[in-house]
Amino acid sequence: SFRICMEKSEKNEALLEKVNAAFEKTGLPTLNPIMLRGGSDAADASAFGIPCLDSQGTRGGGSHTINEFAFLSSLEESATRAVVLAYYLD
């Protein structure tokens with residue numbers, strides 16, 4: 001099925017700045033924006049003006065396929081990022 005790609009927007013860029021400020025305060029690696037092909041739930045929300053960042057889960061591969069997987073070694077960092085964002089972002 002067709003999914004729209006996430007567009008670059010001022011709201012998304014402002015969110016990225018807030019997220020990176022929180023990550024810097026806590027010693028987490030900051031994020032660098034990249035543009036990939038393909039759609040996502042975040043792209044759908046962003047199309048309605050809701051600020052979003054995509055791909056913040058665990059590291060892995062095979063996204064949205066029967067062969068999708070996650071590296072267990074990435075769970076701690078992913079959970080830490082989620083806790084930091086819950087604390088620092090309103």
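Only heavy atoms go into these numbers, but all of them, side chains included; no hydrogens, no water, no symmetry mates. This is a predicted model, so every value here is computed, not measured.
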Asks: Does V19 form a side-chain contact (heavy atoms from CB on, under 4.5 Å) with Y88? I'd like the steps, not just the answer.
Replies: CA-CA 8 Å; V19 166; Y88 281 96; over 6 Å; no
Asks: Drop me the distance from I4's CD1 to S46's OG, to the nearest 0.5 angstrom.
Replies: 7.5 Å
Asks: Side-chain heavy atoms nearer than 4.5 Å, only ILVMFWY residues, links allowed to pass through others: does that put L16 and Y87 together?
Replies: yes
Asks: Looking only at heavy atoms, what is the nearest atom pair of G62 and F69, with distance?
Replies: N-CE2, 4.3 Å
Asks: Under a 4.5 Å side-chain heavy-atom rule over Ile, Leu, Val, Met, Phe, Trp and Tyr, are V84 and L31 clustered together?
Replies: yes
Asks: Do you know the tightest heavy-atom contact between C52 and M6?
Replies: O-SD, 4.0 Å
Asks: What's the spacing between N32 CG and T30 OG1 if we round to 0.5 Å?
Replies: 5.5 Å
Asks: I need the L85 CG to Q56 CD distance, nearest 0.5 Å.
Replies: 7.5 Å
Asks: Quick check: closest heavy atoms across R81 and G57, and the distance to 0.1 Å?
Replies: NH2-O, 2.9 Å
Asks: Is a side-chain donor or acceptor of S74 paired with a backbone partner of T58 at a separation under 3.5 angstrom?
Replies: no
Asks: Is there side-chain contact between L89 and L15, with heavy atoms separated by less than 4.5 Å?
Replies: yes
Asks: If you draw a 6.0 Å radius around CD in E10, do more than 12 non-hydrogen atoms from other residues or ligands fall strictly inside?
Replies: no
Asks: Please report the shortest heavy-atom distance between P51 and N12, naming the atom on each side.
Replies: CA-OD1, 3.3 Å
Asks: Tell me whether K11 contacts the main-chain N or O of G49 through its side chain, where contact means a donor paired with an acceptor under 3.5 Å.
Replies: yes
